[in-house]
Amino acid sequence: MTKSSEETAPAKRAPEPAPEPAGEARRMTRRGWTLVVSGSLFLIFVVLGSVVPVPFVAISPGPTYDTLGRDAAGNPVIQVTGHETHPTTGELRMTTVSLHDGVTLFQGLGFWASGRYALAPREEYFKPGETNEQVKQENIQQLQDSQTNAQVAALRKLGYPIKVLAKQIVSGSPADHVLSPGDKLITVNGKKIVEAADVRAALTGTLPGQTVQITFQSDGQPERTVPLTLAARPDRKEGFIGLTAVDRADAPFTVNISLQDVGGPSAGLMFTLAIIDRLQSGDLAGGRHIAGTGEITETGEVDPIGGISFKVVGAREAGATDFLVPAHNCPEAKTTAPAGLNLIKVSTLDDALAQLANLKAGRPTASC
């Protein structure tokens with residue numbers, strides 16, 4: 001017998017793929033590169049938009065302060081020493097504008113979209129190369145000047161005498177080394193000095209090289225009369241003394257204004273009204289919530305200010321029902337005043353006092 005046997009054929013292997021050329025596996029498609037570049041640019045845009053400031057500032061309604069009330073430290077805003085004060089009712093509220101610097105692109109877009117802020121070129125509020133600290137110091141100085149003007153305007157209105165002082169002495173001028181800041185000016189060129197404007201008026205018709213007499217008084221010293229030979233200046237024909245004069249109230253008591261974290265000159269009118277309300281009976285606000293703004297001069301003129309559209313909004317949000325508006329600001333104020341706020345036009349301190357009297361008596365007021 002013959003045994004049969006089976007032979008099994010070996011299994012066939014699948015052919016191995018041919019190797020790719022070198023670097024082919026790492027090559028990225030055009031779509032991939034587009035995604036990478038777009039993502040990188042988007043990331044850069046997000047970083048820059050979140051960090052890098054744009055040349056704009058954001059402006060919004062700022063806080064308001066009752067000048068008849070107290071400051072953040074609990075002190076009366078108007079402090080009188082050496083004179084009787086009178087009780088008041090209601091509010092005489094000053095208004096402010098908040099300015100936000102260092103605004104990034106995304107912040108600016110957010111401010112704009114909110115409808116509460118406005119964006120303005122930074123150069124309108126900051127001089128080239130000027131820092132935030134420098135602007136802050138300028139605003140503080142303006143506030144201090146407005147407080148001084150308010151005191152002078154208020155006490156002048158109440159009948160207290162006014163004295164004229166030398167504020168600044170120009171170096172190298174005829175007045176240099178003769179007068180000092182703070183000296184009281186009595187006569188110039190034979191004319192009595194009653195207010196600061198009288199100094200310039202006393203030199204009308206004089207010429208450089210002419211000698212005039214000036215009478216003044218240093219603190220605690222007797223009056224002195226000295227000759228001054230006038231100098232020349234290219235901006236005027238008459239002779240030049242070389243000093244800046246200012247009005248100051250000559251009252252036997254002191255008035256101080258206490259208010260922190262506020263700057264600029266626009267609270268002058270409301271400071272003036274609050275001083276008058278403290279020093280005389282009559283209660284100017286008469287229980288009403290009155291707000292306002294306006295730079296005040298030493299003689300009681302009310303000058304226009306900036307940011308009125310934000311101030312009327314801030315005043316209404318603080319509960320004011322009436323707002324004293326400098327006459328030149330009326331057109332802008334009318335376009336943005338919220339409902340329920342009565343706009344009252346004023347040009348002088350006398351205007352403001354008359355309109356407050358109308359409010360208290362229920363009479364119509366001068367409307368914007």
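Here the structure is a predicted model, which means the values were calculated and not measured. Values reported hereafter were calculated over all heavy atoms of this structure, with side chains retained and with hydrogens, waters and symmetry mates removed.
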Please test S258 against D71 for side-chain hydrogen bond (donor to acceptor under 3.5 Å, both in side chains), starting from the C-alpha separation and ending with a verdict.
-> CA-CA 7 Å; S258 174; D71 63 12; 2.5 Å; yes
May I ask you to check whether K192 and T187 show a side-chain donor-acceptor distance below 3.5 Å?
-> no
Ion pair check, E223 and K184, cut-off under 4.0 Å = no
Is a side-chain N or O of R236 found less than 3.5 angstrom from the main chain of F240, in a donor-acceptor match?
-> no
Is T67 reaching over with its side chain to a backbone N or O of A274, donor-acceptor style, under 3.5 angstrom?
-> no
Any donor-acceptor pair under 3.5 Å from N329 side chain to G306 backbone | no
Under a 4.5 Å cut-off applied to non-hydrogen side-chain atoms, are T299 and T348 in contact?
-> no
Note, V77 side chain near L68 side chain (heavy atom, < 4.5 Å) = no
Any I78 side-chain heavy atom under 4.5 Å of D277 side chain = no
How long is the gap from CD on Q142 to CD on Q144, to the nearest 0.5 Å?
-> 10.5 Å
With the threshold set at 4.0 Å, does a side-chain nitrogen-carboxylate oxygen contact exist between K345 and D351?
-> no
Are V194 and L203 linked, directly or through other ILVMFWY residues, by side chains that come within less than 4.5 angstrom of each other?
-> no
Any side-chain heavy atom of L230 sitting closer than 4.5 Å to one from I241?
-> yes
Expected output: side-chain S218 to main-chain D183 donor-acceptor under 3.5 Å = no
Would you call R116 and E317 a salt bridge, using N to O less than 4.0 angstrom?
-> yes
Donor-acceptor pair, S173 side chain versus I169 backbone, under 3.5 Å?
-> no
Is a side-chain N or O of K360 found less than 3.5 angstrom from the main chain of D283, in a donor-acceptor match?
-> yes
The reported gap from CD in E195 to CZ in R156 (rounded to nearest 0.5 angstrom) is 5.5 Å
For T244 and K167, what are the C-alpha separation, side-chain angles and deciding distance, and is it a side-chain hydrogen bond (donor to acceptor under 3.5 Å, both in side chains)?
-> CA-CA 5 Å; T244 302; K167 182 179 181 181; over 6 Å; no
Presence of salt bridge, E238 and R200, under 4.0 angstrom | yes
Intermediate values then yes/no, side-chain contact (heavy atoms from CB on, under 4.5 Å), V80 and F253 | CA-CA 7 Å; V80 180; F253 56 88; 4.2 Å; yes
Go through the steps for R93 and T64 under the test side-chain hydrogen bond (donor to acceptor under 3.5 Å, both in side chains), then give the verdict.
-> CA-CA 6 Å; R93 190 168 286 274; T64 66; 3.0 Å; yes
Counting distance only, does the side-chain N/O of T297 pair as donor-acceptor with the main-chain N or O of G300 below 3.5 Å?
-> yes
In Å, rounded to the nearest 0.5 Å, how long is the span from CD1 of I186 to OG1 of T225?
-> 7.5 Å
Output yes when D322 and R288 qualify as a salt bridge under the 4.0 Å nitrogen-oxygen rule, no when they do not.
-> yes
Linked, directly or transitively: V178 and V170 (ILVMFWY side chains, under 4.5 Å) | no
Apply side-chain contact (heavy atoms from CB on, under 4.5 Å) to I214 and N189, showing your working.
-> CA-CA 6 Å; I214 180 169; N189 196 24; over 6 Å; no
Side chain to side chain, R248 and T148, heavy atoms closer than 4.5 Å | yes
Hydrophobic cluster identity match, L349 and Y160, side-chain contacts under 4.5 Å = yes
Backbone N or O of A196 within a donor-acceptor pair of the D247 side chain at under 3.5 Å?
-> yes
Within the side chain of N256, is there an N or O that forms a donor-acceptor pair under 3.5 Å with the backbone of Q79?
-> no
Minimum side-chain heavy-atom gap I305-I308 below 4.5 Å = yes
Whether over 12 other heavy atoms sit under 6.0 Å from H289 NE2 | yes
With side chains defined as the heavy atoms from C-beta onward, is the minimum distance between V346 and V325 less than 4.5 Å?
-> no
Co-membership, hydrophobic cluster, residues F310 and L324, 4.5 Å side-chain | no
Give the intermediate values and the outcome of side-chain contact (heavy atoms from CB on, under 4.5 Å) for residues L284 and L353.
-> CA-CA 8 Å; L284 295 181; L353 292 170; 3.9 Å; yes
Side chains of F323 and K311 in contact at under 4.5 Å (non-hydrogen atoms) = yes
Do V302 and L155 belong to the same hydrophobic cluster, where Ile, Leu, Val, Met, Phe, Trp and Tyr are linked whenever their side-chain heavy atoms lie under 4.5 Å apart, directly or via other members?
-> yes
Do you see a donor-acceptor pair shorter than 3.5 Å between the side chains of T215 and Q213?
-> no
Could you walk me through whether V188 and F216 pass the side-chain contact (heavy atoms from CB on, under 4.5 Å) test, one step at a time?
-> CA-CA 9 Å; V188 173; F216 64 97; over 6 Å; no
Just by distance, do the side chain of T89 and the backbone of G287 share a donor-acceptor pair under 3.5 Å?
-> yes
